[in-house]
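A, B, ... follow the sequence lines: proteins, then strands. Residue 1 opens every chain. All heavy atoms count here, side chains included; hydrogens, waters and symmetry mates do not.
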Amino acid sequence: MFTIVRDLIRYNIEFAIGLLILLLLIGAVVLSFFSPYPAADIYVVPPDMPPDAEFWLGTTSRGQDTFWQLMIGLRNTLGFGVGVAFLSRILSLVVGLTAGYAGGRTDRVLMAINDSIMVIPQFPILVLFYFVLKDNMNWLMLVLILSALGWSYDARLIRSIAMSLRTRPFTMQSVYSGMSMRKILVEEHLPYVMPIVFATTMNNMIWSIGMEITLSVLGFTDVDTPTMGQMIYWANSHSALISGIWWWVAAPVGAIVILFVGLFLLSMSMNEYIDPRSRLNRMGN
Amino acid sequence: MQTEALLHTPKAASEPILAVENLKAYYTTKAFGIDRDIRAVDDISLTIAKGEIYGVAGESSSGKTSLIKTIVGAIRPPLHVVGGSVCFNFEGQAYNIYDLGPDELQTIRWRHLSYIMQGSMNVLNPVRRIKHSFFDFAFAHMGLDRATFWDKVREHLRRLDLDPGVLDSYPHQLSGGMRQRTTIALATVCTPEFIVADEPTTALDVIVQRDVLTMLRDIQRDLGSSFLFVTHDMSVHATVSDRIGIVYAGRLVEEADTPTLFRGARHPYTQHLVASLPKIGDATRRASLSGRPPSLADPPAGCRFHPRCPLAMDICSKQVPPLNPLAPRHRVACFAVSGATS
Amino acid sequence: MSLLLDIDHVGKTFLQGGLLSRRSIEAVKDISLQIEVERPEILSVVGESGSGKSTLAAMVLGQQLPTRGRVLFDGVDVASIRSRADRCAFMAKVQPVLQNPFEAFNPLKRVDRYLFATAANFMTANGKPTRQEIEARVDRVLVEVGLTLAEVRGRFPHELSGGQLQRTAIARALIPEPRLLVADEPVSMVDASLRMSIVNLFGALRDRLGLSIIYITHDLATAYYISDRIIIMRKGEVVERGDARTVLDNPQHPYSIALKNAVLTPDFA
Amino acid sequence: MTAYLIFVARRFGQLLLVVFLGISATFFITHMTPVDPVAETISVITNFSKADPEAIELMRKTLTELYGLQGNVFEQYISFWSRLLRGDLGPSLSAFPTPVSQIIFRALPWTVGLMISATLISFLIGNALGALAGYYRKSRILKIVSLGLIGLQPIPYYILAFILLILFGFVWPVLPIAGGYEMNADLTLSFSLVLDIIRHSILPALALVLVGAGSWLTGMRALTSNIVTEDYVTFAELGGVGSTRILRSYVVRNALVPQLTGLAMSLGAIFNGTVITEIVFGYPGIGTLLIDAVHAGDYSLVLGLASLSIVGVAIAVFLIDILSPLLDPRIKAE
């Protein structure tokens, strides 16, 4: 594992840049715990100050230091992505490995559900959730909802690998060695899907953070947990661009673009590492 | 002795259609900083006469597929030619494969030099009817108008006992044998002078295999083409090839006319290959070789067969035995046979 | 006379397609075949692709259930196996030998893992086996196939040759002390120089251990070389059966004759 | 042919399942929450005007009936379905008493038009560039173009649309950044109206194409470099078939089937993107309507929009799904 990472850093420039960005972001997360101001407090600094030596990224119209808002926002946004990725990975592994190995009716039922979740448009559903939950919509709730929506595509990928693993002769060797199904799935098949799991983690984070940002910008999430999207939401509601407070918008938008490029570079280099063959051609049954 | 050999194989007298000299082709992989050379074709020289069927035999990963890929100029990275030459002689004109530009190569393909791939599912484009393949492959090379072209194609198919109706089929609608026969028809429709066949019957059932081999022999008789015929199966070689070269770990270790090779092979590896063939009607015990074929990335020094060789001597692990002529049309690379002079 | 394996009028029909065009394909039609306990033998099942020979093997291994007739092993109907315990008891007596030795082991795992797992899962007659008992058994079966534990221990599949891998796979199959091996094309992917060593090993196992082997192959020559009895299959049916040498020296059925005639024999003597 | 009918039947079953699961989900999301839509609605209305308790009671009764909220959850579920099948989504609250269906169908053409044109453009551009980039691996121009498009691909629709909005709204204001047509446009069909509509759709479509093309490009490039190693391509190359012919008839032709399947599978995501982009540019489609409905607390409109999105996307997926195997003779025959 360590040597893989080392080789990737050394010989894959995309991976190296992606990793560097990720490390910077983790640095920001650590830094956020040293914020001199509580995240939700307003009018702690003079409002509408442009970036200078004291306020590196200026201050907002709400009297908050943009830099510290950004650090705390990054923490919450990243935490959100990791949470969704973790939960949805578990779901997709369980469904994908089981469907692929068991085949037959189990597979058909699981995949029918899987495909339905895959094509259902998520945004209206999320808006509906917000519409009925209103103030009950909090950070954890959104993690759970997005996890429940975000596993199907990857479950199908994992299933296609599991299906080919099932027909590999070594699976029969394991069966006739008296291994149980659980042992075969966890010890024999799981190592083959782990690279895919890592690569899809990045894609999943790109997706879930994107959704979260969109929802927060629209004000459809918990307004009390500052995230990247939240910053843009407040900036918009104070017409920051029109009143020339450009740094209030530029800081989160810039951070988001860097975050996404970093995640994407990681996912791309991992995909390349696993297998240059396409993922799509494994999906068409 | 020389006259006798000539008498048995008059083809040898005519000038060679293919001359391969000191050909070397390696796979160079640079995955994550580790450079590896896999010497798939290592210093191979051979000539093939007009109208001859030359068989190349060897086990899996002996480099025989790389050899023919290099000969027909179908190499892609990471495989690349390190040295040597491949020279064809078509209609009195010499074509050195690795001196030709892509356009020139294009013009000799199919017209003069064609190729039959392994009898796998995937040789014909799965989403188009077979007639489109015939058109794509042959129309430009034949220089005929459409009507005459299709007449020619149909006539060719009929001559090979194939229903011209196959033209309107998709590949998946044909059985494995039919698909392979169609591929062979496609490869021979331009009456090429040189045909390379790579394991053309490997995936086929025995009865179908017999038909396909008969078809290939008939084509060779009708067209007078030369064949480079590659398979691991010695009994197929016995049936088809005029002359056989045995490849072991990227090197040619013995070469002789087929009867000579089966009756009087001299290289211990060839001897073993011939002796281990089981036959119906003969249940005497067949011995097997110990050890394993060497890795081409890290082959043993000297003769690559020496770790498994019953006749291995000191020198075998130190020097590479040259491929010496033992008799006319019989070359062997073995110190135990040709003596330890280098 | 007790029967080790009793294939009793077995047929297997596959359904293809869905609701609208259900098409059935009879892969195996009414085949009967017995192997006696007292007379271990190598039984060759010969046929071309689509002859149903692999389906027959899968039914003997209990991987597929017959749609007609019964497969009895030691008097127990294979179709009656439900629980994991029954399944293990069955697998202890019937073991497979796979076609491609390079694919037979997980390339990410060490080869000995399968040997030890098999020993741990099947040597349960006197409770849980100790580490020593397991290693002793594994070493014994490896010696049986011409290897030693020292050669195999800690090795990954890519570190072993095709012949070694196939021997290791056979050794693993021997650990539960089975009565029957089902080998589906065990040498078709093995190089010629190693092929005969596997075939010879089958003969040795029959003679030394009294093991019966069902040898599924398309290769008449090795079938002639090693087997005691032979059945020749075509489109799910047995067209000819009997003593291997007798049948192949002088086949009677037109298909058997065609098959034998299609075999290429290098004859330059 | 029968194999194809079976395929269509199976996909139709999948369509029904998606619709069933999706609609049920929207129903249960809205009904399993502590929020009472009737009370919510009443509170929204009474915000503006004080009403006497009797009127409120009457309002409560009427609303309960309108929303199909009589009886227990099961009865409500049945009545929900029966009204939905009749196309009756109830009256809109914010535009009372206009039926929700009428409001939605007014917005629908905008969304469908934007989505279809943007998807077609990005699918064509992405696949064409992907095939070229996968086949001519050494071309520097192709490498740079692909890198650019691939780099844009991970950026969320909202952010990219927002960046375009800033660029073309503040930095270089050449294109309209809001609405589907000029505020006071004459809405009779004329050349200038069409031109106006196209001008207004450029930015939203551009956002969708910039994000979408990259993913088709990556998929197609990977498929192409995969197919290039297939035996039938090698064989064609050895047969002296020209490279443009190989790229078109051998490579792209074989890659299209999985790409179309991919299109069907990502329609839901594309719809999300369209809706989100509409919101940024105030485009008069489903997305803007949805946001307005949420802000207005229009319960029946939000529910109607969610249900309709699910049905609409599912039908579109079904249509693409049943078309894609027509490119593959292996499914048609047998």
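- Put simply, CD1 on D:I29 and CG on A:L133 are 8.5 Å apart, with the number rounded to the nearest 0.5 Å.
- Contact count against chain A (heavy-atom pairs under 4.5 Å) is highest for D:T26 among D:T26, D:L267, D:I155.
- To the nearest 0.5 angstrom, D:H295 atom NE2 is 4.5 Å from A:F220 atom CZ.
- Residues satisfying the ring pair (Phe, Tyr, Trp, His ring centres under 6.0 Å) criterion with D:F123, sequence neighbours excluded, are D:W216.
- Between D:L17 and A:I113, the shortest heavy-atom contact is CD2-N, 4.3 Å.
- The CD1 atom of D:I159 lies 11.5 Å from the CD1 atom of A:I209; values are rounded to the nearest 0.5 Å.
- Residue D:P154 comes nearest to A:F260 through the heavy atom pair O-CD2, 3.0 Å, listed as atom of the first residue, atom of the second, then distance.
- Residue contact with chain A, scored on non-hydrogen atoms closer than 4.5 Å, involves the backbone and the side chain of D:I150 alike.
- Judged by distance alone, with hydrogens and angles left aside, the side-chain atoms of D:N272 form a donor-acceptor pair with the main-chain N or O of A:F123 at under 3.5 Å.
- A 4.5 Å side-chain heavy-atom check between A:V127 and D:V275 finds every atom pair outside the cut-off.
- Put simply, OH on A:Y153 and CE on D:M265 are 8.0 Å apart, with the number rounded to the nearest 0.5 Å.
- Nearest heavy atoms, D:A293 versus A:F131: O-CE1, 4.2 Å.
- Of all heavy-atom pairs between A:L128 and D:A306, the closest is CD2-CB, 4.1 Å.
- Neither the backbone nor the side chain of D:A269 comes within contact range of chain A, judged by heavy atoms closer than 4.5 Å.
- Pairing each heavy atom of A:V119 with each of D:V313, the nearest pair is O-CG1, 3.4 Å.
- Neither the backbone nor the side chain of D:Y157 comes within less than 4.5 Å of any heavy atom of chain A.
- Taking both residues in full, the closest heavy atoms of A:S116 and D:Q14 are given as OG-NE2, 3.2 Å, listed atom of the first, atom of the second, then distance.
- For the atom pair CD1 of A:I256 and CZ of D:F162, the computed distance is 9.5 Å after rounding to the nearest 0.5 Å.
- Residue-environment remark: CD1 (A:I13) stays at or below the threshold of 12 foreign heavy atoms within 6.0 Å.
- Between chain A and the residues D:I310, D:I286, D:L152, the most heavy-atom pairs under 4.5 angstrom are made by D:I310.
- Separation of atoms CG (A:D115) and CG (D:L15) is listed at 12.5 Å; rounding is to 0.5 Å.
- Contacts between D:D298 and chain A at a heavy-atom distance below 4.5 Å involve the backbone alone (N, CA, C, O).
- Interface residue A:I232: only side-chain heavy atoms are found under 4.5 Å from chain D.
- Only the side chain of D:I279 comes within contact range of chain A, with heavy atoms under 4.5 Å apart.
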